[in-house]
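Step one of this worksheet: look at the structure below.
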Amino acid sequence: MNYLHKLILLITCPLFLVSSAQAADWPQFRGPGATAVSEETGLPTAWNVKDGTNVRWKAELPGRGVSCPVVAGGKVYVTSCTGYRQDRLHVVCLDAASGKKLWERQLWATGSTNCHPKTSMAAPTPAVEGGYVYALFATGDLACLDAGGNLLWYRSLVRDYPTITNQVGMAASPVAWKGLVFVPMENPGDQSFVAALDAKTGRNRWKQDRGRDMNYVTPLVLPRADGADVLFQSKGELTAYDAETGSQRWTFRDAALSIVSSPLPADGAVLAGGGEVVAVRPAPENGTAEALWKSARLRSGYTTPLVYRKRVYALVGNFLNSADLADGKPGEPLRLPGKGPYWASPVAADGKIYVLAEDGTALVIKPGAKPELLANNAMADEVVATPAVADGALFVRAGGNLYCLAEKK
């Protein structure tokens, strides 16, 4: 696998609740608070997409996309793109209970559509807060719609900042929090930045220049007693800004941190991944963040690790490795059946971990210091996007379809 191929493979995608989302919602990449953990119960262990076993519904999506579905208020939102240049951008809303398409909106791309064949212009995952949907595309087009599909505002970020560029594709997802939309636009061009936009108008509230490099990391909002930090990970560095003002609060440097795996909250700490996973204790303003422990056995590759029931899990090759969250002490690795590779990050709910491979192999695993394989299912098509968990179901994007998997009553 060549270097560019590796770089473009996507983030593809106790709880810190960072929005007013209901417990059943999955409003952004990796769900509530970016934890990839849901409190849903009664989820299926086994299913069969060919004969319909535990398949609540299947919906065909337009064109191609590798973005993850999000679920809020009984609706599923997902993005796609069509056209041989991928210059037609789609936002699709489905009824979560039935899979019926409620509305679809289309935009013309204003930015470059060049990318590696593995990805697409519909790579960033939408974010939902307060009934509003924020859909960012790899072309730099950003749209805000309400739950009824009405376009409220639109930004062509490449027209505002013409030197934005990434010839292998962009995939970092926006995050919405208390009237702000955090937009990661790190890229090799002269105008590489992260910004907080006003959720009602789309105008910049603050903007911070960043290093010129490709980056596929989704930001993390980390609440604190007097506000919140928003964390951006880049190669070798994790930087925290005040969510309201954009002022830099602290940084943490480690050469192993990557531009693919996203940071995640971990019981008062932050886990940052790459060539190793580092547990970081956030610092007060202008303080020094501290590494609590490090583990090369948990190197995260192209997926983001998972924290579930006081343990950390990471996909490493064809193994699911784990460690104690308190000290990084490793558990027994679980060898995964199938060929892989794994681009979708693992998610957890109902005492189970769900791991999906590119070839559609869908594994259900019992967590613990010695994880156990409970079921080996098949999606019968390519899976790159991280699944969503909401409304008593698992939502999986496989090839050109979205599946809702749930125990049949």
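These values consider heavy atoms only, across backbone and side chains, with no hydrogens, waters or symmetry-generated copies.
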Flag for R311-S322: side-chain donor and acceptor within less than 3.5 Å: yes

Compare every heavy atom of V312 with every heavy atom of L298, then report the nearest pair and how far apart it is. CD1-CG1, 4.0 Å

How far does CG of L94 sit from NZ of K100, to the nearest 0.5 angstrom? 11.5 Å

Run the side chain to side chain contact (heavy atoms under 4.5 Å, CB included) test on K101 and V92 for me, step by step, so that the C-alpha distance in whole Å, both residues' side-chain angles and the decisive distance to 0.1 Å come before the verdict. CA-CA 7 Å; K101 184 165 74 173; V92 179; 4.0 Å; yes

For L306 against A348, the heavy-atom pair lying closest together: CD2-CB, 3.8 Å

Any side-chain to backbone donor/acceptor pair from Q28 onto V70? Under 3.5 Å, distance only. no

Under a 3.5 Å threshold, yes or no: a donor from one side chain and an acceptor from the other, between S247 and D242? no

Roughly how far, to the nearest 0.5 Å, is CG of L271 from OG of S262? 12.5 Å

Trace of the side chain to side chain contact (heavy atoms under 4.5 Å, CB included) decision for T239 with R210: CA-CA 10 Å; T239 307; R210 300 282 287 175; 3.4 Å; yes

Over all heavy atoms of both residues, which pair between D267 and K310 is shortest? Give the atoms and the distance, please. OD2-NZ, 2.8 Å

Is there a side-chain contact between V347 and S38, using heavy atoms and a 4.5 Å cut-off? no

Would D229 and R249 count as a salt bridge (Lys or Arg N to Asp or Glu O under 4.0 Å) if you check the C-alpha gap in whole Å, the side-chain angles of each, and the deciding distance to 0.1 Å? CA-CA 8 Å; D229 292 338; R249 287 179 49 81; 2.5 Å; yes

Per the side chain to side chain donor-acceptor pair (under 3.5 Å) rule, which among T165, T163, D209 passes with Q191? T163

What I want to find out is whether E244 reaches R205 closely enough, with some N-O distance under 4.0 Å, to be called a salt bridge. yes

Main-chain N/O of L402 paired with W57 side-chain donor or acceptor, under 3.5 Å: no

Between OG of S192 and CE of M214, what distance do you get to the nearest 0.5 Å? 11.5 Å

Side-chain donor/acceptor of W26 to backbone N/O of A36, under 3.5 Å: no

Can you check whether G42's main-chain N or O pairs, donor with acceptor, with D350's side chain at less than 3.5 Å? yes

As an exercise, state the distance from CD1 of I259 to CD of Q233, rounded to the nearest 0.5 Å. 10.0 Å

Indicate yes or no: at least one non-hydrogen side-chain atom of E129 is less than 4.5 angstrom from one of P27. no

If you define the side chain from C-beta out and look only at heavy atoms, does anything of C115 sit under 4.5 Å from Q86? yes

Straight-line distance of T45 OG1 to L43 CG, nearest 0.5 Å: 8.5 Å

Taking the side chain as every heavy atom from C-beta outward, state whether P371 and I353 have any atom pair closer than 4.5 Å. no

Taking atom CZ of R85 as the centre, report whether more than 12 heavy atoms of other residues, nucleotides or ligands fall under 6.0 Å from it. no

What are the two closest non-hydrogen atoms of A199 and C144, and how far apart are they? O-SG, 4.1 Å

Taking R281 for the side chain and E290 for the main chain, is one N or O donor matched with an acceptor at less than 3.5 Å? no

D213 side chain vs N187 backbone, donor-acceptor pair below 3.5 Å: no

Any donor-acceptor pair under 3.5 Å from D87 side chain to W108 backbone: no

Donor-acceptor pair between R299 and S261 side chains, under 3.5 angstrom: no

When you measure from the side chain of E40 to the backbone N and O of A390, does any donor-acceptor pair fall under 3.5 Å? no

Step by step, would you call N376 with T361 a side chain to side chain contact (heavy atoms under 4.5 Å, CB included)? CA-CA 7 Å; N376 184 344; T361 300; 3.5 Å; yes

Do the non-hydrogen side-chain atoms of W250 and L231 ever get within less than 4.5 Å of each other? yes

Validation row: L315, Y302 side chains within 4.5 angstrom (heavy atoms): no

Please verify the inter-ring angle class for F232 with W206; under 30° counts as parallel, over 60° as perpendicular, anything in between as tilted. perpendicular

Within a radius of less than 6.0 Å around CZ of F319, do more than 12 heavy atoms belonging to other residues, nucleotides or ligands occur? yes

With a 4.5 Å limit on heavy-atom distance, are the side chains of P223 and K178 in contact? no

Would R105 and L151 count as a side chain to side chain contact (heavy atoms under 4.5 Å, CB included) here? Give the steps. CA-CA 9 Å; R105 300 293 177 261; L151 181 65; over 6 Å; no

Least distance between heavy atoms, T218 atom then V175 atom: CG2-CG2, 3.8 Å

Please say whether more than 12 non-hydrogen atoms of neighbouring residues, nucleotides or ligands are located less than 6.0 Å from NZ in K207. yes

For a salt bridge (Lys or Arg N to Asp or Glu O under 4.0 Å) check, start with the C-alpha distance between R203 and D198, then their side-chain angles and the critical distance, and finish with the verdict. CA-CA 5 Å; R203 296 173 182 169; D198 186 289; over 6 Å; no

If you apply the rule salt bridge (Lys or Arg N to Asp or Glu O under 4.0 Å), what do you find for K235 with E186, and how did you get there? CA-CA 11 Å; K235 188 175 182 180; E186 291 191 22; over 6 Å; no

For the backbone of G189 and the side chain of R212, can you confirm whether one donor and one acceptor N or O come within less than 3.5 Å of each other? yes

Please check if the side chain of W103 supplies one atom and the backbone of V91 the other of a donor-acceptor pair under 3.5 Å. no

Restricting to non-hydrogen atoms, name the atom on A349 and the atom on Y354 that form the minimum distance, rounded to 0.1 Å. O-CE1, 4.2 Å

What distance do L363 atom CG and L356 atom CG have between them, rounded to the nearest 0.5 Å? 7.5 Å

Using a 4.5 Å cut-off on heavy atoms from C-beta on, say whether the side chain of Y154 contacts that of D141. yes

